Amino acid sequence: MSKLAFILALYAAGIATWLWLDRGASPGVQGTPAAESAGHPEVRAVLGEVRTLWRAELKDTLRDVNWRFAEMDTLRKSMETGVQSMQKAAEDSSQANYGMLESIKEDVQRFGKATNNLEAVVSRLEALEARLKVLEERPAQVIREVVTERGPGPVAPKDDGPKRPSLPTEPERDPAEVAREIEEARAALGSEDVDKLFPAIERIREHRVLDAVPRLIEILANHKDEFGRTAAASALGDMRIADAVIPLAEALVDKSDLVANQAAKAIRQITDFDTELTLTAGIRGRRAARGRVKEWWRAHEAAVRATLEQPAKGP
């Protein structure tokens with residue numbers, strides 16, 4: 001409350017007290033002095049001014065209070081928004097950390113498997129090194145050639161010294177079993193399933209089944225799986241088939257890097273010609289290598305076929 005309102009209130013209280021004391025002693029006055037003083041015009045005027053000042057003062061105060069409540073409400077909403085943002089950020093960070101932990105866990109597992117494989121390879125190398133060391137420490141044997149004049153009578157057996165260990169040879173297989181295995185490979189060679197095609201191609205390569213070469217060339221050119229095409233290229237190279245040089249040259253531009261690199265290796269096995277194709281060559285490099293192979297083959301086909309004893313087929 002302002003000082004003016006306080007002074008007016010004191011002034012109204014003083015006038016009311018004076019009127020009450022002034023009229024309280026007059027004879028014949030009805031009613032209480034307080035009730036009569038309250039109806040005096042001056043008192044009513046003063047009280048009206050006090051009420052007006054009070055209303056103005058309270059209006060400003062209420063406006064200030066309402067403004068402060070509005071600011072507090074705005075601050076509360078801002079704090080709620082901030083808390084929600086922090087909670088969402090914490091949840092996102094938690095999910096990201098969980099995903100990172102899962103990725104790290106998978107990497108650790110893969111590293112563990114690679115470590116186990118490396119340990120196995122190291123153990124094999126150590127065993128091989130031990131065997132080589134034994135062979136190196138074995139004393140050299142001096143072979144002496146004794147020349148004697150052969151006379152009448154039996155010839156004394158030659159002492160070749162201690163027998164050296166040799167690698168075991170595989171026993172000869174039953175021809176009937178081999179024939180049955182080749183027939184099964186021929187039948188499986190017509191399948192599109194890679195699981196059946198792989199062992200069939202291996203048997204064709206192992207037994208060098210020449211009548212299966214057209215099917216291998218067809219697989220090289222048209223099979224939908226890159227591993228099937230790669231296996232066909234490998235078998236044609238190992239069998240050194242001259243008729244496969246041009247199909248292998250076309251395979252240099254295969255969409256699969258695996259097939260293209262295996263085709264380049266097979267061409268080198270058959271012709272001893274280096275295609276100069278790198279492992280990371282693009283389509284332009286592959287096309288250039290295909291052109292070099294075809295140009296070289298036109299000039300050297302006859303010599304290669306003569307070396308391999310594979311004459312060209314007639315028209």
Side-chain angles (χ1 to χ4, degrees), residues 103 106-107 110-111 113-114 117-118 121 185-186 188-315:
S103 178
E106 294 178 359
D107 293 340
R110 286 196 296 268
F111 181 74
K113 293 180 181 179
N117 295 335
L118 183 60
V121 172
R186 283 197 183 99
L189 204 63
S191 174
E192 295 294 330
D193 188 359
V194 178
D195 294 335
K196 296 180 180 179
L197 202 60
F198 255 96
I201 293 177
E202 178 60 23
R203 293 291 176 267
I204 295 298
R205 182 201 61 79
E206 179 183 357
H207 300 296
R208 192 176 170 78
V209 183
L210 296 180
D211 59 1
V213 169
R215 175 55 183 163
L216 292 178
I217 294 176
E218 181 182 357
I219 293 172
L220 173 66
N222 302 320
H223 199 273
K224 61 182 180 180
D225 195 295
E226 62 176 343
F227 295 106
R229 301 196 299 273
T230 304
S234 176
L236 291 170
D238 291 340
M239 295 169 66
R240 302 190 69 184
I241 303 300
D243 291 339
V245 172
I246 296 301
L248 288 170
E250 294 296 336
L252 293 177
V253 295
D254 193 280
K255 60 183 179 180
S256 171
D257 296 343
L258 187 63
V259 177
N261 292 324
Q262 187 61 51
K265 178 181 177 181
I267 291 173
R268 187 167 57 252
Q269 288 176 306
I270 298 171
T271 64
D272 292 331
F273 175 73
D274 187 6
T275 62
E276 300 178 5
L277 183 68
T278 61
L279 296 177
T280 59
I283 187 62
R284 292 183 179 179
R286 295 181 186 180
R287 289 173 179 170
R290 179 182 61 180
R292 288 193 297 270
V293 171
K294 289 184 175 181
E295 183 178 359
W296 185 90
W297 183 246
R298 282 194 296 268
H300 299 83
E301 178 181 2
V304 173
R305 287 186 179 276
T307 302
L308 298 177
E309 297 180 356
Q310 297 179 21
K313 296 180 180 179

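What you see is a predicted model, and the numbers here were worked out from it, not measured in a lab.
Counting heavy atoms from C-beta outward, Glu226 and Gln262 have side chains that stay 4.5 Å or more apart. Looking only at side-chain heavy atoms (C-beta outward), Asp274 and Arg268 come within less than 4.5 Å of each other. The side-chain heavy atoms of His300 and Thr271, taken from C-beta on, include no pair separated by under 4.5 Å.
Interatomic distance, Leu308 CG to Ile241 CD1, rounded to the nearest 0.5 Å: 8.5 Å. The distance from the CG atom of Leu236 to the CD1 atom of Ile204 is 11.0 Å, given to the nearest 0.5 Å. The OG1 atom of Thr275 sits 6.0 Å away from the CD1 atom of Ile267 when rounded to the nearest 0.5 Å. Taking CD1 of Ile270 as the start and CH2 of Trp297 as the end, the distance is 7.5 Å to the nearest 0.5 Å. Atom CG in Asp238 sits 11.5 Å away from atom CD in Glu206 (nearest 0.5 Å). For the atom pair CH2 of Trp296 and CZ of Arg298, the computed distance is 12.5 Å after rounding to the nearest 0.5 Å.
Of all heavy-atom pairs between Ala235 and Ile201, the closest is CB-CG2, 3.6 Å. Annotation for Leu248 and Ala263: closest pair O-CB, 3.6 Å, computed over non-hydrogen atoms. When all heavy atoms of Ile219 and Gly228 are compared, the pair lying nearest together is CG2-O, 3.6 Å. Closest heavy-atom contact between Leu252 and Ala264: CD2-N, 3.6 Å. Here the closest non-hydrogen pair linking Gly285 and Leu277 is O-CD1, 4.0 Å. Summarising the geometry of Ala188 relative to Leu197, their closest heavy-atom pair is O-CD1, 3.9 Å, with the distance given to 0.1 Å.
Under a 4.0 Å N-O distance rule, the pair Glu202/Arg205 qualifies as a salt bridge.
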Candidate pair Val209 and Met239, rule side-chain contact (heavy atoms from CB on, under 4.5 Å), full reasoning: CA-CA 9 Å; Val209 183; Met239 295 169 66; 5.6 Å; no

Step by step, work out the side-chain contact (heavy atoms from CB on, under 4.5 Å) result for Asn261 and Thr230. CA-CA 9 Å; Asn261 292 324; Thr230 304; over 6 Å; no

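For Lys294, the salt bridge (Lys or Arg N to Asp or Glu O under 4.0 Å) criterion is met by Glu250, not counting sequence neighbours. For Arg305, the salt bridge (Lys or Arg N to Asp or Glu O under 4.0 Å) partners two or more places apart in sequence, or in a different chain, are Asp243, Glu301. For Asp211, the side chain to side chain donor-acceptor pair (under 3.5 Å) partners at least two apart in sequence or on another chain are Arg186.
Judged by distance alone, the side chain of Arg290 and the main-chain N or O of Val253 form no donor-acceptor pair under 3.5 Å. Remark: side-chain polar atoms of His223 are not paired, donor with acceptor, to backbone N or O of Glu218 under 3.5 angstrom. With Gln310 contributing its side chain and Arg240 its backbone, the two residues share a donor-acceptor pair below 3.5 Å.
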